[in-house]
Structure formats: structure tokens, C-alpha cells
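All values below were derived from every heavy atom in this structure, side-chain atoms included, with hydrogens, water molecules and symmetry-related copies excluded.
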Amino acid sequence: MNRFTSFFKKTLAAAVSAVMLMGSAVLPLQAAAAWPTGPETASESVILMDADTNAVLYSKDPDRAMYPASVTKIMTTLLALEKGNLADNVTMTQTGVAYAVGGSSNLYTQVGEIFTLEQLLYGTMLKSANDMATQVGEYIGGTVEDFVAMMNARAEELGCTGTHFNNACGMPDPDHVTTVHDMALICQAALKNEAFRTIAGTHSYTIPATNMTADPRSFDNHNPLLVNPDYAYPGIIGGKTGYTDDALNTLATMVSQNGITLIAVTFRAADGGTAATDHRKLYDYGFNCFEHLELPEREFYTEGGYVTVPKGAAVADLTGEAFTDDNGNMTTAYAYADHKVGTTYMSAEDAKAKAEYEAAQAEQGMTTTQHKTNATFNPELKVEKHTNPLLIVLGILGGLIVLFIIFLIVMAALRANQRKKRRRRRQLKRQQQRERERQNRR
């Protein structure tokens, strides 16, 4: 009996240990880890942002208004692609040709020379031609002044708060400023335009002879992470360089690896190599230290559904703040270690579908997996049961406890029966002894 008791005690202890281990796997026992330490960067103003979640992974003075130089041309190109037609013929006017002079990056265009809008945009992004960028502005806006107003309106629409453009090409102007954070938002919008990605990622381009120039014009992209073997970075999509004496070296780039797209913007680097080195450091940091984390029931989110967090982080480490507007649409901002890591948006229709889904879960009393169809909850969709591993272990533990109790009851009954038998044997012996004594007296 003692051997059986010892066995059950050991089994019970093992089951309890299993529950404790399972609990540690299911429930976080430690606080969220600190935000990974970023690299040392030499540029004066720096940002690294996830293009999909808006999470700022690294920043240094990100909201300081500074001169962007030719990085401005990202906005110019984006607006032209949104408002114009690449096949349009554009005739150069004195407005654009005024920049076709020494001391200004240009392609020496002439008044009356005809280019397609596509050719002008390649000249704008790859050669950084101020004459072509300015002509694009006049063509799209009617006047450069009206185009600049469009640039500022588009910036405000994108959520920029420290931006004021005053020309289409980025030439020095005290009132022509932006921030690295605002420029990252502009790059984020540009990335959604496939034509922009094609132009920004082109290594070299040739404009054939025109109505006024017999020789073709060939030029290379200036982006060091794209074309310079010393700085080339895997997954580079494109970007734009800039330089003026006041702005120093500016650089905006975009890189995609393993389903994550990051944007880096740096202002006021001492030289182009320093800016490129900063970008490489930022991307190494971003791709090595962070990952996308999918949120529960992601299928219900109209936009979003995942966040950017340090590798190894869990959903339980996040905090969220939800806001519902008057129409029932819900926006939730998520944070990790006091860093904003992503925002989700749920339309009123999807919010209703999610509420119905959760109500069905509660009613059925079990965890279900369900996918929305046309953002409408369908009660006839297949419901799959998911068993929590912790519940399995608890069930096993409960069964062992019941068995142990039954064992104790049985053993107690056996012991009682054995005591009863021993008493009867002793009584029988005494009776037999008395009977022998009587017989001896006779």
C-alpha cells in the first residue's frame, strides 16, 4: 500500500509541475522588454518608420523644421503621377528653363522643347533636374504658385504638421521647410504609387532626341543605396538625394525585406557617404530588431491588423487606446513600452460583425475561429473548436486527483476489512482456547 501511495504522490507532483510550466507559456510572467537601443547616427535629424504600420522605430529630432533640398522632388513626382498622364507632351517654358543654368542641377532644356511627362519625371527623380521639376509643377498646377499650394494641401492631407513648400524643386528658400517625420509620411504615400516605385528604382534612363536636341540625354540615379556598391542595400526600392549649402546632404530611401517595408529620412549630413551610412545602420537596426505581430481576429479590421514590435514581443505586452466616432467607426492605437507601434481602423459595419462574432462565442461557450464574408457575420459558417493546452493539463490533473481520492477510499476500506478479519481471528482463537481449557478441567 505504501508503494501505491508513493506512486500517486509522485504522479500528482508531476502534474502540478506540468500545469505551472504550461501556465508560464500561456501567461506572460515578465514585463515587456525595453525598446531596442538604436544605432549612433551622424545626421542632425533622423527617422526610421514602418511604411505599413506608421510605427516610428528610431528618431532623432524628428519634428524639427529643416531645409529638405531636392528630397522635395518626391512630393513633386507624387502629385504629377496623381494628377497627370505620363504620356502627356509638355513644352518647356521660360519658367522651367530659368533653372537650366550653372550652379543648378539640370538637363539644359530649351524654351519650346517638348518632353513627355514621364521623361520629365525621370529627369526630376534620377538627375534631380530643377528645370524639369519646375516645369512639371507649372504643367500640373497651371502656375508654379498654384502647384505649390497643391503640394502644401497634399502634405496637410497626409498628416504633415511641420511642412511648408515654396517651390517644386527644393532650391534654397527660408520658407521652404519640412521635417523628417513629415517627409516619411510623404514617402509612405509615394510608395503606394506603382509608377513612383518604378521611377525611383530605375538605375539609369535615356531621353531620346527631341524636337530641339539631336543627341539623347542619359543619366544615372543618384541614390547610393541603389547604385553605389559601397552602400547598396538588399531590398532597396528607391529614394531621393538632396544637397544645398544650407541644407547640406539630405536623403530619403525605402527598403523592403521579408514583408516589412521601412522608410528612412535623414537631414543635414556632412556628406553623401555619411547619409548613406546612417541609412544602412538604420535598416540593419530595423530589420534585425523588429517584426510584425498579428493582432487577434485580424480579419475584422478594415485597415491594419498587425503592429511592429521588438522581436519576441507578444500581444499581451501591448496597450491599446480605442476611439469610436459618431458613425460607429473605431480607431485603436497600440503601444509597446510607451512607443506607438501601429493603428487599426474598423468600420462601423466591421465593428458590428466583430460584436456579433464575440456574442456567438459567448453563447456557444467555446472559442471559435470564424472569417467574415463581405464584412457580415454569417452564423452558418463552420465553427472550429480550439482546446486550450492549459485546460487539457488541468483536466488531467483533476482526473488524477479523483483517482487518488478513490484509491484512498478503497485502501481505507481494505484496511478496515483487514482489521475486522484480524479481530474475528483473535475472537476465534480465544473461543478455542477457552474450549480447550474446559475440556482439560473435565
Interatomic spacing from CG in L293 to NZ in K311 - rounded to 0.5 Å: 13.5 Å
Is the centre of the Y357 ring less than 6.0 Å from the centre of the F300 ring? yes
Are V136 and T124 close enough that some pair of their side-chain heavy atoms sits under 4.5 Å apart? yes
Quick check on E157: does its CD atom have over 12 non-hydrogen neighbours (other residues, nucleotides or ligands) under 6.0 Å away? yes
N166 backbone acceptor or donor facing H176 side chain under 3.5 Å: yes
If every non-hydrogen atom of P310 is compared with every non-hydrogen atom of W35, which pair is closest and at what distance? CD-CZ3, 3.9 Å
What's the shortest heavy-atom distance between A252 and V265, and which atoms? CB-CG2, 4.1 Å
Report the relative orientation of the aromatic rings in H279 and Y283; use parallel for angles under 30°, tilted for 30 to 60°, perpendicular for over 60°. perpendicular
Backbone of G84 reached by a side-chain donor or acceptor of Y139 within 3.5 Å: no
Taken to the nearest 0.5 Å, the spacing of T53 OG1 from Y306 OH works out to 7.5 Å
Between the CD1 atom in I114 and the OG1 atom in T91, the distance rounded to the nearest 0.5 Å is 4.0 Å
S104 side chain to A100 backbone, donor-acceptor under 3.5 Å: no
F290-Y285 aromatic ring centre distance below 6.0 Å: yes
Side chain proximity check, N106 to V101, heavy atoms < 4.5 angstrom: no
Crowded around K60 NZ? As in, over 12 foreign heavy atoms under 6.0 Å? yes
I140 and side chain to side chain contact (heavy atoms under 4.5 Å, CB included): which partner among M151, K83, Q135? K83
Looking at E156, I'd like to know if its CD atom is crowded, meaning that more than 12 non-hydrogen atoms belonging to other residues, nucleotides or ligands lie closer than 6.0 Å. no
Spacing of M125 atom CE and N223 atom CG [to the nearest 0.5 Å]: 8.5 Å
If you draw a 6.0 Å radius around CG in N258, do more than 12 non-hydrogen atoms from other residues or ligands fall strictly inside? no
Report yes or no: does T198 contribute a side-chain atom to a donor-acceptor pair with the main-chain N or O of E194 at less than 3.5 Å? yes
Side chains of T93 and E138: donor-acceptor distance under 3.5 Å anywhere? yes
Got a sec: does the CD of Q110 have more than 12 other heavy atoms crowding it under 6.0 Å? yes
Does the side chain of T116 reach to within under 4.5 Å of the side chain of D88, using non-hydrogen atoms? no
Closest contact, heavy atoms only, G162 versus T179: O-CG2, 3.9 Å
Do T332 and E321 have side-chain atoms, one donor and one acceptor, less than 3.5 Å apart? no
Close side-chain approach of L295 to V307, heavy-atom, < 4.5 Å: yes
Under 3.5 Å, is there a donor-acceptor pair linking the side chains of S128 and K240? yes
Electrostatic pair R154:E82 at N-O distance under 4.0 angstrom: yes
Indicate the atoms forming the closest heavy-atom contact of P224 with T241, along with that distance. CD-CG2, 3.8 Å
Please tell me if the side chains of R268 and S43 come closer than 4.5 Å, counting only heavy atoms from C-beta onward. no
Supply the atom-to-atom distance S204 OG to F219 CZ, rounded to the nearest 0.5 angstrom. 9.0 Å
Taking NZ, NE, NH1 and NH2 as the nitrogens, is one of them in E44 or R64 under 4.0 Å from a carboxylate oxygen of the other? yes
Whether D278 side chain and V46 backbone form a donor-acceptor pair below 3.5 Å: no
So, for Y58 and T41, which heavy atoms are closest and what is the spacing to 0.1 Å? OH-OG1, 2.9 Å
Taking the side chain from N221 and the backbone from A200, do they hold a donor-acceptor pair closer than 3.5 Å? yes
Give the minimum heavy-atom separation between A189 and L78, together with the two atoms involved. CB-CD2, 4.0 Å
Between N167 (side chain only) and M171 (backbone N and O only), is there a donor and an acceptor less than 3.5 Å apart? yes
Got a second to check how far I236's CD1 is from L225's CG, nearest 0.5 Å? 5.0 Å
CG (D338) with more than 12 external heavy atoms under 6.0 Å: no
Heavy-atom distance under 4.5 Å between the side chains of S59 and H181, does that happen here? no
Close side-chain approach of L191 and R197, heavy atoms under 4.5 Å: yes
Side chain to side chain contact (heavy atoms under 4.5 Å, CB included) with Y99: which of T109, N130, L107? N130
Taking the side chain as every heavy atom from C-beta outward, state whether T331 and T324 have any pair of such atoms under 4.5 Å apart. no
Hey, does the side chain of Q257 reach the backbone of P234 with a donor-acceptor pair shorter than 3.5 angstrom? yes
